[in-house]
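Residue numbers start at 1 and run along the sequence shown.
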Amino acid sequence: LLAAFVPPTVAQDWYPLVEGAQWIYRTETSDVTVTVQPQTEILGQTAWPVAYVIEEDDGPITDFVYYTLVDADGDVIRIGGSYHPEIGFWEFLPAWTYVQLPPVVGDSWQMGYEAQEWHPAKNGPTTVSWTGEDDITVPAGQFHVFRCWYADIAPGVGPVRQLLPGMEMEWAELVSYDVPVRTEPKSLSGVKDLFR
């Protein structure tokens with residue numbers, strides 16, 4: 001049985017890694033469902049598999065998983081991924097900083113690949129930065145977001161719009177979401193206080 005790791009509040013507020021959290025997106029040609037699965041041990045670390053299922057209008061379905069965790073700085077990190085069932089797992093070298101938190105316009109970070117056999121065109125680091133904040137409207141409603149080049153992220157929600165690399169870099173817009181409330185472990189005295 002894995003010990004539940006509770007991410008720092010800032011990560012929880014910006015990219016909710018809670019088992020069962022789900023976001024549904026729409027691109028011009030497909031429906032995309034993203035779900036946080038139960039934590040698992042991989043590469044000697046405890047990570048949340050964040051599963052993407054992309055169903056295209058003409059029928060094909062693609063699914064892949066990003067193994068995601070929160071590091072000691074509170075940043076959201078992707079350590080590896082897999083396409084099912086044909087390709088299997090690959091490790092990101094180095095691990096990606098998917099989002100550096102908290103978002104501050106102008107702050108930047110490195111996200112890159114080194115010696116990635118599965119995608120040699122992506123070798124080398126990329127500088128990513130928070131480019132601005134804005135109010136945007138998507139099918140799920142209006143949100144105040146912080147922007148980087150591949151995602152618009154809203155507090156308490158996560159990505160409201162994001163580029164999907166497996167979809168020829170199409171923008172996916174949020175249609176609906178269900179983010180369960182994270183529960184903090186309670187001490188015995190904390191439980192007793194509930195019944196006083």
Side-chain angles (χ1 to χ4, degrees), residues 5-18 21-28 32-36 45 47-52 54 64-81 92-114 116 119 121-182:
F5 170 70
V6 179
T9 301
V10 71
Q12 175 63 22
D13 290 345
W14 289 96
Y15 192 90
L17 287 169
V18 180
Q22 185 173 79
W23 300 263
I24 297 174
Y25 299 90
R26 178 77 189 150
T27 73
E28 288 184 16
V32 181
T33 302
V34 179
T35 307
V36 179
Q45 301 181 74
W48 284 272
V50 179
Y52 286 68
I54 302 170
F64 58 93
V65 173
Y66 287 124
Y67 294 91
T68 308
L69 53 84
V70 177
D71 71 6
D73 295 326
D75 298 333
V76 178
I77 307 295
R78 290 181 168 170
I79 61 172
F92 295 152
L93 298 169
W96 299 352
T97 300
Y98 180 65
V99 285
Q100 179 178 286
L101 294 168
V104 175
V105 174
D107 278 4
S108 63
W109 65 96
Q110 294 290 307
M111 181 175 74
Y113 305 77
E114 293 175 6
Q116 298 287 346
H119 203 324
K122 293 288 187 182
N123 288 342
T126 299
T127 299
V128 179
S129 64
W130 293 111
T131 58
E133 55 182 304
D134 200 0
D135 292 316
I136 66 168
T137 300
V138 295
Q142 185 173 23
F143 299 89
H144 187 79
V145 298
F146 280 75
R147 293 189 150 149
C148 64
W149 71 265
Y150 52 80
D152 296 340
I153 298 178
V157 177
V160 170
R161 286 182 356 123
Q162 61 179 308
L163 284 175
L164 298 176
M167 300 294 295
E168 300 300 325
M169 301 303 278
E170 277 190 81
W171 280 104
E173 292 191 336
L174 189 65
V175 173
S176 65
Y177 64 99
D178 180 12
V179 178
V181 175
R182 177 181 57 149

- request: Mind checking ring pair (Phe, Tyr, Trp, His ring centres under 6.0 Å) for Tyr15 and listing every partner two or more places apart, or none if nothing turns up?
  value: Tyr98
field: Tyr177 (side chain) donor-acceptor with Ala140 (main chain) under 3.5 angstrom
entry: no
- request: Quick one: list whatever passes side-chain contact (heavy atoms from CB on, under 4.5 Å) with Ser108, sequence neighbours left out.
  value: Thr127, Ser129
For the student: nearest non-hydrogen atoms of Pro159 and Tyr25, plus distance: O-OH, 2.6 Å
- prompt: What residues form a ring pair (Phe, Tyr, Trp, His ring centres under 6.0 Å) with Trp23, not counting sequence neighbours?
  reply: none
message: To the closest 0.5 Å, what do you measure between CD (Gln45) and CD1 (Ile79)?
response: 4.5 Å
- prompt: About how many Å separate CG of Asp152 and CZ of Phe143, when rounded to the nearest 0.5 Å?
  reply: 11.5 Å
field: Shortest non-hydrogen separation from Trp130 to Val99 and the atoms involved
entry: CH2-CG1, 4.0 Å
- prompt: Does Asp75 reach the main-chain N or O of Leu101 with its side chain, forming a donor-acceptor pair under 3.5 Å?
  reply: yes
statement: Applying side-chain hydrogen bond (donor to acceptor under 3.5 Å, both in side chains) to Gln142 and not counting sequence neighbours gives none
- prompt: At what distance, to the nearest 0.5 angstrom, does CG of Leu69 lie from CH2 of Trp48?
  reply: 8.0 Å
Would you list the atom pairs, donor with acceptor, under 3.5 Å between side chains in residues 132-139 and any protein atom, with sequence neighbours excluded?
from: Glu133; atom 1: OE1; to: His144; atom 2: NE2; distance (Å): 2.6
from: Asp134; atom 1: OD2; to: Arg147; atom 2: NH1; distance (Å): 3.4
from: Asp135; atom 1: OD1; to: His144; atom 2: ND1; distance (Å): 2.8

task: Search all heavy atoms of Met111 against all heavy atoms of Tyr150 and return the closest pair with its distance.
output: CE-CE2, 3.7 Å
statement: Nearest heavy-atom approach of Asp178 to Pro180 is O-CD, 3.4 Å
message: For a quick test of reading the model, state the closest non-hydrogen atom pair linking Val50 to Val36 and the distance between them.
response: CG2-CG2, 4.4 Å
- request: List in chain and number order the residues that pass side-chain hydrogen bond (donor to acceptor under 3.5 Å, both in side chains) with Tyr52, two or more places apart in sequence or in another chain; answer none if no residue qualifies.
  value: Arg78, Gln162
message: I need the Thr27 OG1 to Glu173 CD distance, nearest 0.5 Å.
response: 10.0 Å
message: Treating Trp109 as the side-chain partner and Thr97 as the backbone partner, does any N or O pair qualify as donor plus acceptor under 3.5 Å?
response: yes
- request: Tell me, please, which residues at least two apart from Pro102 pass side-chain contact (heavy atoms from CB on, under 4.5 Å).
  value: Val10
Side-chain heavy-atom pair Pro155, Asp13 within 4.5 angstrom cut-off: no
task: For the residue pair Trp14 and Val76, establish whether any side-chain heavy-atom pair is separated by less than 4.5 Å.
output: no
- request: For Thr68, check side-chain hydrogen bond (donor to acceptor under 3.5 Å, both in side chains) against everything at least two apart and list the hits.
  value: none
task: Mind running side chain to side chain contact (heavy atoms under 4.5 Å, CB included) on Phe146 and Val105 for me, showing each step along the way?
output: CA-CA 8 Å; Phe146 280 75; Val105 174; 4.1 Å; yes
task: Write down the atom of Ala47, the atom of Pro49, and the distance for their closest heavy-atom approach.
output: O-CD, 3.5 Å
